[in-house]
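Computed from a prediction, not measured in an experiment: that's the story for all the values here.
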Amino acid sequence: MTSPVILDRRRVLAGGGALIVSFSLGGAFAQDQSAPAATPAPVPPGSLKAAPLLDSWIRVDADGSITVFTGKAELGQGVKTAIQQIAAEELDVSFASLKVVTADTRLTPNEGYTSGSNSMKDSGTAVQNAAAQVRELLLAEAARRVDSPAENLRTENGAVVSPDGRRLSYGDLVAADMLHVQAQPKSKLKDFATFKVVGQPVPRVDIPAKVTGGASYVQDVRLPGMVHARVVRPPSYGAQLTECDTAAVEKLAGVIKVIRDGSFLAVVTEKEFQSIKAMDALSAAAKWKETASLPKQDDLANVLTSLRSQDSTIFERGNPSAGGGRAIEATYTRPYQAHGSIGPSCAVAQFIDGAMTVWTHTQGVYPDRQGIAEMLRMPPADVRLIHVEGSGCYGHNGADDAAADAALIARAVPGRPVRVQWMREQEHAWEPYGPAMVTKLKASLDGNGKIADWNFEVWSNTHSMRPGGAGSMLAAQHMAQPFAVPAPMPIPLPEGGGDRNAIPIYAFPNARVVHHFIPAMPLRISAMRALGAYHNVFSIESFMDELAALAGADPVEFRLKHLEDPRGRDAIEKAAQEFGWTSGQQAPPERGFGFAFARYKNLAAYCAIASEVEVNRETGRPRLVRAVAAVDSGQVVNPDGLINQIEGAIVQSMSWTLYESVTFDDTRITSIDWQTYPILRFNSVPERIDVHIINRPGQPFLGSGETGQGPAAASIANAIANATGKRLRQLPLTRKRIKDAIDA
C-alpha cells in the first residue's frame, strides 16, 4: 500500500481547482415567519442536525467531480456503497463518478460511533438531504444564468439542462460563486418512482480488493520509512510490572527502542519479525505481580445476580381485568463472548512536528481522537485519526487500544510511521468482551390461550466502554501515571444497552420489565454487535415458544395472536410462507423447525427467521441446515447489501449461539486461541440461507446491520428444542449441553 493521500479543504482551495459547496440560501429556503413563537424550530434530518453545513457532506470540484463525506466507517457492512448510491441518486450523477470519504477527523463530519445500525438512518439520511439541497441550489443558479424558471430545467449526468438543450455542468455552476448555507429542515427529494440507482444491487466498492488480495485493511498499510512495534501485555487484569531488565533486548538485531511507561511495555524494530522476536525476549525479561480477582466461571449466573445492581422498571402496563391462569417461568444465560476478529487489531501512527496522525479501524474516529489527545496531553486539533477498515470488527474490539498503543509509541520515535500489530493471544485475552447476561421470565396464560401477564428481568453490565476519554484505553490505564477507567453507565433507552429489546413488541395486557444494571465488571467488557438485544431477543423468543407449547398453539400463529404492528406481522407471515411453515407440521427425523421474530431496538428494522436444524442424537452435534429470513428495513438502497447483512447476522449469531464462550480461571483469561475459543468453521455453514426483502419505497431508512442476531439465536434454539424435545436456556448451545439434555 502506498502512502495515503492527505487531503484537506484548505489545500484543495489553495490549489485553485475546486470549490466547496458552502451555501447561505437566504430567502430561498426561509423559515415560515408566521409560525407561533412557541413552536420549536424544525431541524434538518439525520446527522445534518449536528453538522448542518452542506459543505460538511458534499464537495463539487471545478471539473465537475463530486466528493461525498460521511462520518460513518465502512466495517464490511456496505455503508460506503449505499451512501454513494444515495448521493448519486439525488445529484443525478453516475455512481462511478462519485468519490466517498469516510470517517476522518480532518475531513468528515463528526458522527460519533458507527454503531447501533444507525448509519443509514443518520448518515444516509443526511447525505440524501444534503445532496438534494445541493441539486436545488445548482438548479437555482442555472435558472439565473439561462433566465428560465428552475422548474423548466432538469438535471442529468452532472449537469443542468435547459429546454433548449443548453447544458451547464455542476463544476461550471459552483465555480462562479462561493456560496454558504446551512441545511434546511425540508428537502425536495426525488420521487422514489424515478430512482435509477437507489434500490439496485450495485456491487460493493469494498469487495474487489478483499477477494483479490489487495490492500484492504489497516493491517495492509505500509508507509515509507515505517517501523514495527509490539506491545508486551500484562498476563492478567491488574497485574503490575515489577521488574524488567531491557539491556539484552536493546542489543537485539533491528531494535530501535524499548519503551517502558509504568506497566506499558513495548519494543520498536526496523522489521516486523524482529519485533516479534524482541517482544518474546522482552516478555521473558518482565516480571509481574498478579492478583486473583476473577469470579467462578461455572457459577456465572449466580455471580451476576448477586452483584450490587441499580434496578429500574423500564416498562409497566397493567390491566387488572386480564387475569392469568397457567404460568411458567424460565432463566436464560449468556456468557462473556469475544469479537473473535480474524485479524488481530492493528494501527499505524506518525508523530511529526508536534502533530499526531493515526490510521485505525476504530468505529469512532472523533471519540478515539479525544481519548488519545487526553492520553498524550495534546490539543485534539493536533491529533488526526483516519479510519481504515480492519480485518474483523462489529463492536468495540482491540482497535481503539491498538490506536492508543501506536500513538504512545510513535511519540517516542518521532518522524517515522510506527505500525503496531497485536498477536492472537493478545486480542483474545485483552479485547473488551460482549457482557455476560442473565434474564428471568415469568408469564401466565388466560382461558383463551393468550398471554395475560408478562414479567421480564435482565441483569448485565454496561454494554459500552468505548473511548471518549483516555481511561477507556489499555495503554493509558497501564502508564506510570495511569488514567482511571471511567465509571460504567447504562445506555439510555430507547437505544438501550443491556436492556436493548427487553421491552416486548408484543401486546400483553399486563407486563413489567426490570433492568438490573450492574456497575461492577468482573471482565473487561464493551460494545459487541447488537448489544443486549442478542440475548434479550433470544430469551423472549425462546419463551414465546415455551408459552406456545403451553397453550397448544402453533409458534407462528401464537406470535401473530399477540402482535399488532402490521409491518411486524408482514415480516412474520413472509418468513413463514417462504419457509413452507404450516400449523401442525412435523420435521424430518432428527431435525427440528424453529421460528423467531424481533424489531431491532423496537424502532429499527424488522426481521423474522425460520430455521431447520439437524441434531445428531449420538453426539449432540447441531447443524443449521437452512434458514429463511424476511426483513423490512424501510426504503432499500442496495438489496444485495441488505441480503449480505442478514446472511452475515445469521452466520455470526449461529457461531455465538452454538460455540462461543470466554473462559477464565481466578486470575487469567484462558480462551486465548481458536482451540480454546472455538468459532463456526466452514464445514458447519448452513446449506442454504434465503433472505426475502419487504421493500418500503419512500419510507425512512431503518437500520438493519444488527436486526438478525437475536431472531437467529432464538430460531436455532427453538429448532433444537423441536428436534430433541429438550429446552436449553444456557448459551452457547454446545453439543455437550445438547447431548446431556438428550440423555437426561
Side-chain angles (χ1 to χ4, degrees), residues 115-117 300-301 304-305 309 311-316 329-337 395 433-443 451 454-464 490-506 508 511-518 525 527-547 559 562-563 568 595-609 649 652-653 656-657 703 705-718 728-733:
S115 63
S117 298
L300 198 54
L304 288 180
T305 54
S309 64
D311 304 338
S312 57
T313 300
I314 61 174
F315 181 78
E316 193 158 24
E329 52 188 294
T331 298
Y332 302 87
T333 62
R334 171 195 180 181
Y336 292 98
Q337 293 178 315
Y433 305 120
M437 299 178 68
V438 176
T439 47
K440 294 187 176 183
L441 289 81
K442 182 178 181 180
I451 297 171
W454 176 275
N455 287 276
F456 184 100
E457 295 183 77
V458 55
W459 285 259
S460 191
N461 299 129
T462 183
H463 279 247
S464 181
I491 302 172
L493 290 167
E495 295 277 331
D499 55 351
R500 182 172 290 183
N501 271 96
I503 297 173
I505 192 173
Y506 299 106
F508 304 138
R512 185 169 184 264
V513 181
V514 177
H515 180 208
H516 302 274
F517 172 72
I518 305 169
I525 56 89
M528 187 168 174
R529 200 175 191 187
L531 276 62
Y534 164 69
H535 183 71
N536 289 329
V537 172
F538 162 74
S539 305
I540 291 171
E541 289 296 297
S542 294
F543 202 53
M544 286 294 285
D545 255 38
E546 296 194 52
L547 287 163
R559 285 170 171 80
H562 293 89
L563 186 63
F595 197 91
F597 159 78
R599 183 183 187 189
Y600 185 50
K601 297 187 288 191
N602 290 350
L603 52 80
Y606 301 81
C607 184
I609 299 175
Q652 182 180 48
S653 183
W656 291 345
T657 303
E706 298 162 301
T707 190
Q709 280 76 8
S715 179
I716 291 168
N718 290 334
L728 281 77
R729 304 186 182 94
Q730 183 179 358
L731 293 170
L733 312 180

(request) Could you check Ile503 against Leu493 for side chain to side chain contact (heavy atoms under 4.5 Å, CB included), going step by step and ending with a plain yes or no? (result) CA-CA 10 Å; Ile503 297 173; Leu493 290 167; 4.2 Å; yes
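- Of the inter-residue distances, the one linking Met544 atom CE with Ile451 atom CD1 reads 4.5 Å to the nearest 0.5 angstrom.
- Closest of all the heavy-atom pairs between Ile540 and Leu441 is CA-CD2, 4.2 Å.
- In this structure, the side chain to side chain contact (heavy atoms under 4.5 Å, CB included) partners of Glu546, at least two apart in sequence or on a different chain, are Ile328, Ala330, Tyr332, Phe543, Arg727, Arg729.
- Taking all atoms of both residues into account, the shortest heavy-atom contact from Val458 to Ala502 is CG1-CB, 4.5 Å.
- With sequence neighbours excluded, the residues forming a side chain to side chain donor-acceptor pair (under 3.5 Å) with Gln709 are Gln652, listed by chain and number.
- Ring geometry for His562 against Tyr506 counts as perpendicular: the plane angle is over 60°, on a 0 to 90° scale with 30° as the lower cut.
- For Glu329, the side chain to side chain contact (heavy atoms under 4.5 Å, CB included) criterion is met by Lys442, not counting sequence neighbours.
- Between the Asn501 side chain and the Lys601 main chain, a donor and an acceptor come within less than 3.5 Å of each other.
- Evaluation of the side chain to side chain contact (heavy atoms under 4.5 Å, CB included) rule for Thr707 yields Tyr600, Ala605, Cys607, Val631, Ile646, Ser704 as partners, not counting sequence neighbours.
- A search for salt bridge (charged side-chain N to carboxylate O under 4.0 Å, His left out) contacts involving Arg559 returns Glu541, Asp545, not counting sequence neighbours.
- Listed for the Ser460 side chain is a donor-acceptor partner under 3.5 Å among the backbone atoms of Ala436.
- Legend: residues meeting side chain to side chain contact (heavy atoms under 4.5 Å, CB included) with Thr462, ordered by chain and number and at least two apart, are Met465, Pro488, Phe517, Met521, Ile525.
- Ser653 contributes no side-chain N or O that, together with a main-chain N or O of Ala712, makes up a donor-acceptor pair within less than 3.5 Å.
- Of the listed residues (Phe315, Phe456, Trp454), just one forms a ring-ring contact (aromatic ring centres under 6.0 Å, His included) with Phe508, and that residue is Trp454.
- Ser539 and Thr439 make their closest contact through OG-OG1, 2.7 Å (heavy atoms, listed as atom of the first residue, atom of the second, distance).
- Shortest non-hydrogen contact noted between Leu531 and Gly496 is CD2-O, 4.0 Å.
- Gln337 contributes no side-chain N or O that, together with a main-chain N or O of Gly434, makes up a donor-acceptor pair within less than 3.5 Å.
- At distances below 3.5 Å, not a single donor-acceptor pair connects side-chain atoms of Asn718 with backbone N or O atoms of Ile716.
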(request) Mind running side chain to side chain contact (heavy atoms under 4.5 Å, CB included) on Val513 and Asp499 for me, showing each step along the way? (result) CA-CA 9 Å; Val513 181; Asp499 55 351; over 6 Å; no
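- For the pair Pro711 and Ala596, the tightest heavy-atom approach, listed with the atom from each and the gap, is O-CB, 3.3 Å.
- Relative ring orientation between Tyr534 and Phe538 is described as parallel, the plane-to-plane angle staying below 30° on a 0-90° scale split at 30° and 60°.
- In terms of modelled atom types and a separation under 3.5 Å, the side chain of Arg529 and the main chain of Gly395 share no donor-acceptor contact.
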